[in-house]
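If you're wondering where the values come from, they're calculated on a predicted model, not measured in any experiment. Atoms within a ligand are numbered from 1 in the order they appear, just like the ligands themselves.
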Amino acid sequence: MNLIIGLTGGIGSGKSTVAKEFKALGIEVIDADQVAREVVAPGENALHDIELFFGAGVIDVNGALDRAKLRDIIFQCEEKKQWLNELLHPLIRESMLTQLAEARSQYVILEAPLLFENKLNQYTNYNLVVDVTELNQIKRATQRDGNNDAQIQAIMNSQLSRQARLAKADYVLDNNSADLVALKHRISLLHQQFLALLE
Ligand code: ADP
């Protein structure tokens, strides 16, 4: 794949909404969070390794990874967290790069909430940031997830600040307006700009 566009933004900024529009335009979107879930799906070697290391307590009744339990354990133990990261990070990177390489659309989008934080921008050519005010972020994320303001604020605090993220952007999509028709139009203009990069 010759052109990889990173798509990022804080929680509730509208990444999924924007990704959906690009998909409607025929562009393949690789979702970094989804790749991270795929590598520990039932049947994957990594899940077996995790069960051996952490015990059967981290596997739920359906044979899937109990993420909340695992999160609790690694939150309390830096060494276990490191073990998990050393297992998963190379697997996630390899799967992500394979999926990006196999994409057959004109360009491909790598959607990642932590694109810059996890240095995934080393794999992208340009980066599009979906930008909203912190107030809109909190409003939309709380409505979507049923979390309270403090829970969303805590996640926002673990991510890059709005200014720091914007400073790293090659393209910015303002998603403050509730006018979704206008948003769609701006996405089609960006799509044209990305296609022009291929010429
Ligand atoms: P992210 O993937 O960045 O966390 P989402 O795309 O899930 O964000 O958007 C967060 C919530 O806000 C969703 O419920 C979505 O439907 C809603 N939303 C997205 N864009 C807009 C918009 N322009 N106006 C109003 N609501 C929006």
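In this structure the side chain of Leu173 reaches within 4.5 angstrom of the side chain of Leu190, judged on heavy atoms.
Ligand 1 has a nitrogen or oxygen under 3.5 angstrom from a nitrogen or oxygen of Gly14. The distance criterion of under 3.5 Å between nitrogen or oxygen atoms is met by Gly12 with respect to ligand 1.
With ring centers used as reference points, Phe53 lies 6.0 Å or more from His48. Taking the ring centroids of Phe194 and Tyr171, they lie under the 6.0 Å cut-off.
In terms of protein heavy-atom proximity, atom 7 (O) of ligand 1 is nearest to Arg144 NH1, 2.7 Å.
The part of Leu180 lying near ligand 1 is the side chain, judged by heavy-atom distances below 4.0 Å.
Side-chain contact annotation: Asn136 with Asn176, donor-acceptor N/O pair under 3.5 Å present.
Residue nearest to atom 15 (C) of ligand 1, selected from Asp31, Thr17, Leu7: Thr17 (by heavy-atom distance). Of all the listed residues (Gln143, Gln137, Arg140, Lys20), Arg140 holds the heavy atom that lies closest to atom 18 (N) of ligand 1.
At a 4.0 Å cut-off, not a single heavy atom of Ala141 sits close enough to ligand 1 to count as contact. For the ligand labelled ligand 1, residue Gly10 lies inside the 4.0 Å heavy-atom shell. In this structure, Ser13 counts as a contact residue of ligand 1, since one of its heavy atoms falls inside 4.0 Å of the ligand.
Put simply, the side chain of Thr8 gets close to the backbone of Ala112: a donor and an acceptor are under 3.5 Å apart. Checked by atom type and distance alone, the side chain of Asn175 never pairs as donor or acceptor with a backbone atom of Leu183 at under 3.5 Å.
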